[in-house]
Amino acid sequence: MIIKTVTPQGMCGGVASAIKQIETILQNPETPKPIYMLGSLVHNKIIVKQFQEQGIIVLDGNKKEAAIESISFGTIIFTAHGISDKIYDLAFKKGLNIIDTTCPKVLKTHNIIKAKLKEGYHILFLGVKGHPETEGILGLSEKIQLIDENADILPINYKTLLINQTTLPYKQVQTLYEKIKAKHPFVELADEVCSATRQRQKAALKQTKGADICLVIGDVMSNNCQALKKIIEDENKITTYLIEKITDLKMIDFKNINVIAITSGASTPKTIVDDIINELKTNK
Ligand code: SF4
């Protein structure tokens, strides 16, 4: 069996930086305790569990306001997905020690939206409902309209911006923009699929060609892992499995499989990918 590993793949700079920031505060004895994290740092259970084992308390990311209201002192970590100004200000006013690990690329999206809102733009945000990045964006202003890939947009302010979540399939953004522009040529696009996501998707599309099956290694809740799976299946028509750990290999029938392509998401530790490849080489 031939194993093709897609390059680049795996952990992005934004996630690596967030992890580093947390490791730094954990090592600093002067960090105010307890240390809370508002939701999961990234969508990877293994990473989050490791931090919990080091004493970090994970608060409910779906009830951010109530979670902040429930604590009075210590340190609060905001995750790489970003946070609305409202929640940030709430933590600030309570005097909590704030560690904001928002990825600079998500922050850039926030800043574009804020600037355009000031200019009177209507904002169409293409994102996944309920995802923490989306929630952080929607928390910036009630004037932001969440849309999905099937959106059929009706009368729009002549100043309208289409902008998107950083981890979406990049072709999905372009396709929706073309569709909207055909009816409303004045709509502007700020394509905010981040470079790490885009590079991994392009590499996956190119390098999985010819494989019998593909494995995307990462958390099933990770949006960028789901996007990788979707584009490989939709465009290369290759059966693709999103798996988190070695035992998930059990669900795959390896009979008549000669070539496996492997990629992984932006929040997947390399050790997990290495373990799964070793297992495939040894036992399959
Ligand atoms: S996937 Fe992109 S936006 Fe998200 S943390 Fe990584 S670099 Fe930042």
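The analysis underlying the following values was restricted to heavy atoms, covering all of them including side chains, and did not include hydrogens, waters or symmetry mates. First listed ligand is number 1; within each ligand, the first listed atom is number 1.
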Problem - Heavy-atom pair of closest approach, residues P32 and T75 - result: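 So the minimum-distance heavy-atom pair works out to O-OG1, 2.7 Å.
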Problem - Partner set under side chain to side chain donor-acceptor pair (under 3.5 Å) for D60, not counting sequence neighbours - result: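 By the side chain to side chain donor-acceptor pair (under 3.5 Å) rule, D60 matches no residue at all.
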Handout entry: Non-neighbouring partners of E233 that pass salt bridge (charged side-chain N to carboxylate O under 4.0 Å, His left out), sequence neighbours left out
Key =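 For E233 the salt bridge (charged side-chain N to carboxylate O under 4.0 Å, His left out) partners, ignoring immediate neighbours, are K229.
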Problem - ligand 1 atoms in contact with T167 (distance to a heavy atom under 4.0 Å) - result: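 Result: 1 (S).
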Practice task
Count, excluding waters, the protein N, O or S atoms that are closer to atom 8 (Fe) of ligand 1 than 2.8 Å.
Solution key: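 For atom 8 (Fe) of ligand 1, the figure is 1.
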Handout entry: By ring-ring contact (aromatic ring centres under 6.0 Å, His included) - contacts of F186 (at least two apart)
Key =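 F186 satisfies ring-ring contact (aromatic ring centres under 6.0 Å, His included) with H184 only.
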Handout entry: Salt-bridge present (D89, K93; N to O < 4.0 Å)
Key =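 No, this pair does not count.
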Problem - N/O donor-acceptor pair under 3.5 Å between T109 side chain and K105 backbone - result: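 Pair found, side chain donor or acceptor close to backbone of K105.
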